[in-house]
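Since the model is a prediction, treat every value here as computed from it, not as a measurement. In what follows, chains are A, B, ... by sequence order, proteins preceding strands, each numbered from 1.
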Amino acid sequence: MYKITIENKVIEAVENLSVDEIVKNNFSDIRPVAAKIDGVLVDLSEIVKKDVSIELIKPDEEEGLEIIRHTCAHVFGHAIKQIYPNTKMVIGPTIDNGFYYDIYNEDSISEKDLSSIEALMKKLAKKNYKIIREVVTKEKAQSVFRERKEDYKLKLIADIPSDEVIAIYHHEEYIDMCRGPHLISTKELNYFKLMKISGSYWKGDSKNEQLQRIYGTAWDTKDNLKAYLHKLEEAEKRDHRKIGQKLDYFHFQEESPGMVFWHDNGWKLFNIVKDFITSYLRNYDYKIINTPQILDKSLWKKSGHLDKFSDLIFDVSSENKEYAVKPMSCPGHIQVFNQGLKSYRDLPIKFAEFGLVHRNEPSGTLHGLMRIRAFTQDDAHIFCTPDQIENEIKLLIKTIYEIYRQFGFEEIKVELSTRPEKRVGGEEIWDKSEDALMKALDASDVKWQLNEGDGAFYGPKIDFSLKDSLERVWQLGTIQLDFSMPARLDATYVDHNGDKVAPVMIHRAILGSLERFVGILIEEYAGDLPLWLSPLHAVIINISENQEAHCLELAKQINNLGIRASSDLRNEKISYKIRHHSMMRVPYLLVIGDKEVESNQISVRTRTGEDLGVMDVDKFIKMVETLVGNKSIVLKN
RNA sequence: GCCACCUUAGCUCAGUUGGCCAGAGCAGGGGUUUUGUAAACCUCAGGUCGUCAGUUCGAAUCUGACAGGUGGCUCCA
């Protein structure tokens, strides 16, 4: 007889029972998807053979959902093998909100095929097939998958260490290799949808053969599935490309793929962001410089960029000279540093540039403002001594957080990337600088992750990333140490011994690319930018042509006082104009009729439809000044 | 660059198995209206159906190439 602790109860079991049977015998209202026996995750079919403590995994828990999704991937495998028997299954892991399965198929699957595959999956799930786990030897596993011609599973088995347990799961004729656990039957699977299809590569290496990846989502209840699909629809409405077009901010066209045509209001936003960063640069002793757009290829050869990144560099030739359009500003900054003799007393020297760079990125990677071929970095290079690294980094981390906070971003992903296998510089400088970065991160009290071996060949780095509306992560800020380029391009300073030595260079960008940052801003606020960022603060709307002259005069007056305002005097009904400018997300609509002209006041309405009432112009200006000054996200104080 | 898909008027979209002059709403022009807080009414104009080639008596519709885009993959100094 065993003593089993489960769901805060102690149960005595007389014979070897499965977890599933124990639950069914004792709890009529609980339907778990798996269990933990003494902390170890198992299937419900696991037989209890001793005194244990059982924790049940419910479908609505994160671990429970993962099990549902994992099983769903197997049912997908079952369906696809029935429709396309020659399909070779590769790997089918769970991901956020669902799963994917990589497959290899002679005839590729198209998105049109998904609905029939999904229909078959639903049919198979309803059959209530028992899902059975079997622990097998490596040899047995190999023979099973050899018989099924699952070449990729065989390759995976070959990589499994001999001391590791191999489990295979089968339901009806489908067999897959998996750590598990899984649902006990396919019947529990009801709320899933195949979403999309994409290419992928075996082992994630583009040199390997191309596979197809089918994405699916799976949930514990109908409502959760529906809610997820609804959330995707809502996220699409925040897409900066859609909003950018609707608000007349920018456009793209095929004559210049990956490069932005900024319109008046979008360019205003761009410059508001730029001016904000400029004021920070002035406060922190940066020298703001500007360097040429094209430079002779010999310089890029010397810096090493031409050999390493020639695919991404746009070429220009003129007369007998070969030039490269700059893909980055660092070599230019070193040329400025090299003018005149520098002493250690001069360091750190900080050069900043809103550097417009061109990179011929592969066509498939372009994405709205987020990834483009011509973009503006808020770039800077700090030339310093090794001893100054830690302080400079601390200061940078602090200011990056401070600046992001002012834009309203709190959730920032921070990663430290350390020395890669191929690198320049001695171990000592890597030790010292990785240590400096870590210390600076810890001292700054931020959560960060280690990305071992992912640093640049010339030094370790810290990256700062934010998410877009569809939770895609985009890198913005970066702090990179560089032990290589200053020496390659002959940068030196005189140290206190009188020797000429190469400085350490810190590459840093706070927003990264201004274009990308504007894209992130639009998505974060779904177009409802805080007042201080709004290209237009207010539109003045007249009720009839009687007030035309007054409106024009008013627009002039408040523009002079720093309010970004325009007027709409079209011969349209007031409600028409209200609707139009509300949809254009103009923060304030100032309505002027005969009453307002007479009292010299304005009727103020916000873009969200809130009536702030009739007020004096002075009062309105003071309100806007206050809200702009404290970077408020609301439109009244 | 790779895989799948998409491309019709300024925008959002219809266009049935290839078949009379390719449609709608919004936006735009012209009128009427002088309007009080999210769409006034009438009217007019707008498209070589992404480009180029092919199949066919006939192509927006079928085929191919190319371009651009979308979702991923790879990449992201």
Side-chain angles (χ1 to χ4, degrees), chain A residues 95 100 102-103 105 108-114 195-215 236 239 241-242 245-246 248 251-258 303-305 308-309 311-313 327-331 357 359-368 370-371 377 454-459 461 463 470 472 474-475 478 480 482 484-485 507 509 512-513 516 541-548 570-584 589-596 603-614:
Chain A
I95 50 175
Y100 68 74
D102 280 353
I103 60 173
N105 210 329
S108 54
I109 308 286
S110 141
E111 239 147 72
K112 290 187 194 109
D113 303 322
L114 293 184
M195 303 295 286
K196 58 195 179 189
I197 206 158
S198 99
S200 66
Y201 301 98
W202 167 244
K203 298 242 168 179
D205 188 336
S206 60
K207 288 188 202 74
N208 290 339
E209 60 268 40
Q210 178 93 37
L211 307 171
Q212 281 195 299
R213 176 169 297 177
I214 287 90
Y215 287 86
E236 234 170 84
D239 190 318
R241 292 164 299 187
K242 281 195 177 151
Q245 184 194 47
K246 210 175 88 192
D248 196 19
H251 85 271
F252 292 91
Q253 64 185 55
E254 62 180 280
E255 286 81 357
S256 191
S303 71
H305 292 102
K308 215 161 160 39
F309 307 113
D311 286 353
L312 294 183
I313 294 181
M328 52 184 47
S329 303
C330 353
V357 296
R359 301 179 186 182
N360 199 3
E361 302 285 357
S363 57
T365 64
L366 302 178
H367 181 98
M370 302 302 197
R371 191 156 158 102
Q377 293 180 308
D454 214 30
F457 71 92
Y458 51 70
K461 60 175 183 173
D463 289 328
L470 285 169
R472 290 175 290 220
W474 295 100
Q475 186 195 310
T478 185
Q480 306 183 357
D482 191 337
S484 162
M485 211 187 297
H507 308 249
S513 139
R516 177 180 286 182
I541 300 170
N542 61 334
I543 287 177
S544 71
E545 49 182 36
N546 286 341
Q547 305 91 30
E548 264 181 27
R570 287 179 299 172
N571 176 12
E572 295 287 355
K573 291 192 81 163
I574 180 79
S575 51
Y576 175 87
K577 292 198 264 191
I578 296 270
R579 178 179 147 84
H580 176 78
H581 296 290
S582 298
M583 291 199 306
M584 293 302 278
L589 311 178
L590 311 181
V591 176
I592 306 292
D594 286 336
K595 282 185 265 177
E596 286 76 15
S603 169
V604 183
R605 179 193 158 109
T606 70
R607 63 184 164 205
T608 53
E610 196 174 354
D611 184 2
L612 300 188
V614 177

- Message: Could you tell me how far apart A:N542 (CG) and B:U37 (P) are, to the nearest whole angstrom?
- Response: 15 Å
- Task: Go through A:D205 and A:K203 one step at a time and tell me if the salt bridge (Lys or Arg N to Asp or Glu O under 4.0 Å) criterion holds.
- Result: CA-CA 5 Å; A:D205 188 336; A:K203 298 242 168 179; over 6 Å; no
Under 3.5 Å, which N/O atoms of the protein pair with N/O atoms of nucleotides 40-45 of chain B?
unit_1, atom_1, unit_2, atom_2, d
B:A40, OP2, A:S575, OG, 3.2

- Message: Across nucleotides 64-77 of chain B, 5' to 3', mark each nucleotide with B, S or - according to how protein heavy atoms within less than 4.0 Å reach it.
- Response: ---SSSSBBBBBBB
- Task: Return the value, rounded to whole Å, for the distance between atom CD1 of A:I578 and atom P of B:A38.
- Result: 6 Å
- Task: Remember a base hit wins even if backbone is also touched, and classify A:K595 as base, sugar-phosphate or nothing at under 4.0 Å, heavy atoms.
- Result: base
- What interatomic distance, in whole Å, is found between P of B:U61 and the corresponding atom of B:A38? 46 Å
- Rounded off to whole Å, could you give me the CD-to-C1' distance for the A:Q245 and B:G10 pair? 9 Å
- Syn/anti label of B:G46 as read from its glycosidic torsion, with the cut at 90° from 0: syn
- Would you say a side-chain N or O of A:R570 is under 4.0 Å from OP1 or OP2 of B:G28? yes
- Message: Is there a side-chain hydrogen bond (donor to acceptor under 3.5 Å, both in side chains) between A:T608 and A:E610? Walk through the geometry before answering.
- Response: CA-CA 6 Å; A:T608 53; A:E610 196 174 354; 4.7 Å; no
- Message: Is it the case that the base of B:U37 and the side chain of A:S603 share a donor-acceptor contact (distance under 3.5 Å, atom types as modelled)?
- Response: yes
- Between B:U51 and B:A60, how far apart are the P atoms? Round to whole Å, please. 11 Å
- Can you tell me how far P in B:A39 sits from the matching atom in B:G1, rounded to whole Å? 47 Å
- Note on the structure: If one requires at least 3 consecutive Watson-Crick or G-U pairs with distances under 3.5 Å, the stems of RNA chain B turn out to be B:1-7 with B:67-73, B:10-13 with B:23-26, B:28-32 with B:40-44, B:50-54 with B:62-66
- Message: Under the salt bridge (charged side-chain N to carboxylate O under 4.0 Å, His left out) definition, can you give me all pairs with a residue in residues 570-581 of chain A, not counting sequence neighbours?
- Response: A:D568-A:R570
- Rounding to the closest angstrom, what is the interatomic distance between B:U7 and B:A14 at atom P? 9 Å
- A:Q253: partners by side chain to side chain donor-acceptor pair (under 3.5 Å), with sequence neighbours left out: A:H251, A:E255
- Message: What contact category does A:E209 fall into here, base, sugar-phosphate, or nothing, at under 4.0 angstrom with non-hydrogen atoms?
- Response: nothing
- Message: Let me confirm one number: the CG-CD1 distance from A:N546 to A:I592, rounded to the nearest 0.5 Å.
- Response: 13.0 Å
- For the pair made of NZ in A:K112 and C1' in B:C6, what is the distance, rounded to whole Å? 10 Å
- Item | Nearest-Å distance once atom C1' is located in both B:G64 and B:U56 | 16 Å
- Task: Measure the spacing between CD of A:Q475 and CE of A:M370 and express it to the nearest 0.5 Å.
- Result: 13.5 Å
- Between B:G28 and B:G23, how far is it from one P atom to the other, in whole Å? 24 Å
- Message: From CE of A:M583 over to C1' of B:A27, roughly how many Å is that when rounded to an integer?
- Response: 10 Å
- For the pair made of CD in A:E596 and P in B:U37, what is the distance, rounded to whole Å? 12 Å
- Note on the structure: Separation between NE2 (A:H367) and CH2 (A:W474), nearest 0.5 Å, reads 5.0 Å
- Message: Using heavy-atom distances to pick each residue's nearest nucleotide on RNA chain B, tell me which of A:I574 and A:Q212 is more 5'.
- Response: A:Q212
- Integer angstrom distance from the P of B:U48 to that of B:G31: 28 Å
- Starting at CD1 of A:I109 and ending at C1' of B:C5, how long is that distance when rounded to a whole Å? 14 Å
- Query: Quick one: does A:R605's side chain have a donor or acceptor within less than 3.5 Å of a partner on A:L589's backbone?
  - Reply: no
- Task: Tell me which of A:L589 and A:S108 sits closer to the 5' end of RNA chain B, going by the nucleotide each one is nearest to.
- Result: A:S108
- Query: So which heavy atom on A:S329 is nearest to which on A:V357, and how close?
  - Reply: OG-CG1, 4.1 Å
- Note on the structure: Sorted by chain and residue number, the side chain to side chain donor-acceptor pair (under 3.5 Å) partners of A:K242 (sequence neighbours excluded) come out as none
- Task: Mind checking A:G593 for me? I need base, sugar-phosphate or nothing, with any heavy atom below 4.0 Å counting as a touch.
- Result: base
- Message: If I pick the P atom on B:G72 and the same atom on B:G58, what distance separates them, to the nearest angstrom?
- Response: 43 Å
- Can you check side-chain contact (heavy atoms from CB on, under 4.5 Å) on A:T606 and A:L612, steps first, answer last? CA-CA 7 Å; A:T606 70; A:L612 300 188; 3.9 Å; yes
- Could you label the plane-to-plane angle of the A:Y576 and A:H580 rings as parallel, tilted or perpendicular, counting under 30° as parallel and over 60° as perpendicular? parallel
- Note on the structure: In terms of heavy-atom contacts, A:I95 and A:Y215 come closest through CD1-CD2, 3.7 Å
